[in-house]
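Working notes, beginning with the structure itself.
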Amino acid sequence: MSAEGLHRSLALLYPIPARHRRADTGRAEAGQLLGCDDATLTDLVRHGLPGTGELGRERFDSRDLFNLGLYAGTGQSMSEQVFVFALRWMRARTEAQLVPRTAAFSARVECDAPDGCGDAPRSVLARPLPKEYDGDLTDYATEPADAGDDETVVSASPALGISATLQTRGELLPLRSAGARAAMREFLGTDLRWVKLPEDLQADVDLMLDRRVASCASASRWLRQLCVEAGVPATTRMGWVVGMEMVHAWVEIEDTDGLTKVLDPIFALFAAMVPGANPVFRDPDQALRTNRLVPTALAAGEPLARHSCGGRTVPARLTTKILPKVSL
């Protein structure tokens, strides 16, 4: 059953393009991630699983392995198990998605240049803005201490950190705009799969529609486009998710009653994959803003962290922890 499911998933796999591929996982770890034996892994390679090196000693891109295992339908791959565990909160009753939550937040951006940090460093980090969603931010601090507290925090240093206590709140409102409801139904009716993608491809709507593989950024950009085409004012927003430390994007619309409401296309996809998920996540007549969203001032596709040094923009390493202060 494991081999059959993996082969079915392989037929649908969007391989990480060669220019973005990283050979970061060996055969032994690959088998563990996929929950399969060595013979099955060899057969997957022969049928198209991308790998580098000679047969029997390949190295794989961990994103290919994650995406392959996630849709195997066996329950034996690491990605299936981690996915369902990380999103177990989606099974909670609606009231639990709305009540105030308190979490300890910390984020840090560091220079990740292969040749080390250069002269004149500049680190940039988006600041959490829970007040945008009726929440609160207390115990706010930056490192270095003089980095400031604007919507985007900047420091002339190799690294920059933010810490705070967050209070977040959810909201559930009826979706009154017929155009917004139609846009959400069109999104839900499209055969899309959420996958891990290279950063450069995550906001690519054309790729999403061509290959039916979505990230939160591309899905949010497309849903925004559908709303605007239906005459609904809409924007996208980037932020984090409490308890998951994941960078996330979603859509905000101005409904016909004048209220700003959240549409979350990726959580709608996730809800179809989590057994027992609360159906409100996929209800096209409701606008759910879960109490786990932590907004910033940025739009979908904009990086939450950046770093430059030596007169050039270089890779930035973002580390985030958002730990609930109440039991899940």
Checklist entry - Heavy atoms, side chains only, cut-off 4.5 Å: are F60 and R27 in contact? => result yes
Checklist entry - Heavy-atom count around Q81 CD within 6.0 Å, excluding the residue itself: above 12? => result yes
Checklist entry - Hey, quick one: are L259 and L293 part of the same hydrophobic cluster, counting side-chain heavy atoms closer than 4.5 Å, chains of contacts allowed? => result no
Checklist entry - Can I162 and F105 be said to form a side chain to side chain contact (heavy atoms under 4.5 Å, CB included), step by step? => result CA-CA 8 Å; I162 291 175; F105 174 92; 4.0 Å; yes
Next on the checklist: Going by side-chain contact (heavy atoms from CB on, under 4.5 Å), R193 matches just one of L269, L70, L12, L13. Which one?
Outcome noted: L12
Item to check | Distance-minimising heavy-atom pair for V314 and C309 | outcome: CG2-SG, 4.0 Å
Item to check | Cluster check L87, W240: I/L/V/M/F/W/Y, side chain < 4.5 angstrom | outcome: no
Next on the checklist: Closer than 3.5 angstrom, by distance alone: can the side chain of E58 be matched with the main-chain N or O of G56 as a donor-acceptor pair?
Outcome noted: yes
Item to check | Pairwise side-chain contact, L288 with D264, heavy-atom cut-off 4.5 Å (strictly under) | outcome: no
Item to check | Electrostatic pair D255-K261, nearest N-O below 4.0 angstrom | outcome: yes
Next on the checklist: Please check this pair: side chain of R169 against backbone of Y133, looking for a donor-acceptor N/O pair closer than 3.5 Å.
Outcome noted: no
Item to check | Test item: D64 side-chain N/O and I16 main-chain N/O as donor-acceptor pair under 3.5 Å | outcome: yes
Item to check | Cluster link I266 to M244, ILVMFWY, side chain under 4.5 Å | outcome: yes
Item to check | Beyond-backbone contact of D134 with R289, side-chain heavy atoms, under 4.5 angstrom | outcome: yes
Next on the checklist: Suppose the criterion is salt bridge (charged side-chain N to carboxylate O under 4.0 Å, His left out): which pairs have a residue in residues 202-211, not counting sequence neighbours?
Outcome noted: none
Next on the checklist: Are R212 and L192 packed together at the side-chain level, in the sense that at least one heavy-atom pair is separated by less than 4.5 angstrom?
Outcome noted: yes
Checklist entry - Between atom CZ of R122 and atom OG of S155, what is the distance when rounded to the nearest 0.5 Å? => result 10.0 Å
Checklist entry - Is any side-chain heavy atom of F281 closer than 4.5 Å to a side-chain heavy atom of V274? => result no
Checklist entry - Would a distance-only check, ignoring hydrogens and angles, find a side-chain to backbone donor-acceptor pair under 3.5 Å from S9 to G69? => result no
Next on the checklist: If we ignore hydrogens and angles and just use 3.5 Å, is the side chain of Q76 paired with the main-chain N or O of L34 as donor and acceptor?
Outcome noted: no
Next on the checklist: With heavy-atom distances below 4.5 Å as the criterion, would you say the side chains of L226 and V232 are in contact?
Outcome noted: no
Next on the checklist: For F267 and H248, take the angle between the two ring planes, folded into 0 to 90°, and tell me which bin it lands in: parallel under 30, tilted 30 to 60, perpendicular over 60.
Outcome noted: parallel
Next on the checklist: I want to check something: taking the side chain as every heavy atom from C-beta on, are P198 and R63 in contact at a cut-off of under 4.5 Å?
Outcome noted: yes
Next on the checklist: When you group the ILVMFWY residues by side-chain heavy-atom contacts below 4.5 Å and let the links chain together, are M273 and F187 in the same group?
Outcome noted: yes
Next on the checklist: Could you measure the distance from the CG atom of L263 to the CG atom of L175? Nearest 0.5 Å is fine.
Outcome noted: 5.5 Å
Item to check | Distance, nearest 0.5 Å, that separates NE2 of H20 from CG of L197 | outcome: 9.5 Å
Item to check | Heavy-atom pair of closest approach, residues I253 and C227 | outcome: CG2-SG, 4.0 Å
Checklist outcome for this item: Taking every heavy atom of M184 against every heavy atom of A268, the minimum-distance pair comes out as CE-CB, 3.9 Å
Checklist entry - So with a 6.0 Å cut-off around CZ of R59, is the heavy-atom count from everything else above 12? => result yes
Checklist entry - Any donor-acceptor pair under 3.5 Å linking the side chain of R91 with the backbone of P275? => result yes
Checklist entry - Which atom pair, heavy atoms only, marks the closest approach of P324 to V242? => result CG-CG1, 4.0 Å
Checklist entry - Is the side chain of S220 donor-acceptor paired with the backbone N or O of C216 at a distance under 3.5 Å, no angle test? => result yes
Checklist entry - To the nearest 0.5 Å, what is the distance between CZ (R224) and OG1 (T235)? => result 7.5 Å
Item to check | Residues R181 and D283 bridged, charged N to O under 4.0 Å | outcome: no
Next on the checklist: Ignoring hydrogens, what is the shortest heavy-atom contact between A203 and G301? Give both atom names and the distance.
Outcome noted: CB-CA, 4.2 Å
Next on the checklist: Quick check for you: to the nearest 0.5 Å, what is the distance between L44 atom CG and R46 atom CZ?
Outcome noted: 11.0 Å
Checklist entry - Counting only heavy atoms not in E143, do more than 12 fall under 6.0 Å of its CD? => result no
Checklist entry - Hey, does the side chain of S177 reach the backbone of T256 with a donor-acceptor pair shorter than 3.5 angstrom? => result no
Checklist entry - On the ring face of F85, is R88 found with NZ or CZ under 6.0 Å from the centre and within 45° of the axis? => result yes
Checklist entry - Do L166 and L137 come within less than 4.5 Å of each other through their side chains, counting heavy atoms only? => result yes
Next on the checklist: Tell me whether R127 forms a cation-pi arrangement with Y140, defined as NZ or CZ under 6.0 Å from the six-membered ring centre and within 45 degrees of its axis.
Outcome noted: yes
Checklist entry - Is a salt bridge present between D115 and R312, judged by a nitrogen-to-oxygen distance below 4.0 Å? => result yes
Item to check | Step-by-step side chain to side chain contact (heavy atoms under 4.5 Å, CB included) determination, L207 to S218 | outcome: CA-CA 9 Å; L207 171 67; S218 61; over 6 Å; no
Checklist entry - Looking only at atom types and distance, does a side-chain atom of Q97 sit under 3.5 Å from a main-chain N or O of T290, one as donor and one as acceptor? => result no
Next on the checklist: Check this for me: E229, atom CD, are more than 12 non-hydrogen atoms of other residues, nucleotides or ligands nearer than 6.0 Å?
Outcome noted: yes
Next on the checklist: With a 3.5 Å distance limit and no angle check, can you tell me whether R292 reaches the backbone of V241 through a side-chain donor-acceptor pair?
Outcome noted: no
Next on the checklist: Please evaluate residues D43 and H7 with respect to the criterion side chain to side chain donor-acceptor pair (under 3.5 Å), reporting the C-alpha separation (whole Å), side-chain torsions for both, the decisive distance (0.1 Å), and the verdict.
Outcome noted: CA-CA 9 Å; D43 202 32; H7 277 285; 3.1 Å; yes
Checklist entry - Under a 4.5 Å side-chain heavy-atom rule over Ile, Leu, Val, Met, Phe, Trp and Tyr, are L223 and M238 clustered together? => result no
Item to check | Minimum-distance pair of heavy atoms, taken over all atoms of L68 and L10 | outcome: CD1-N, 3.4 Å
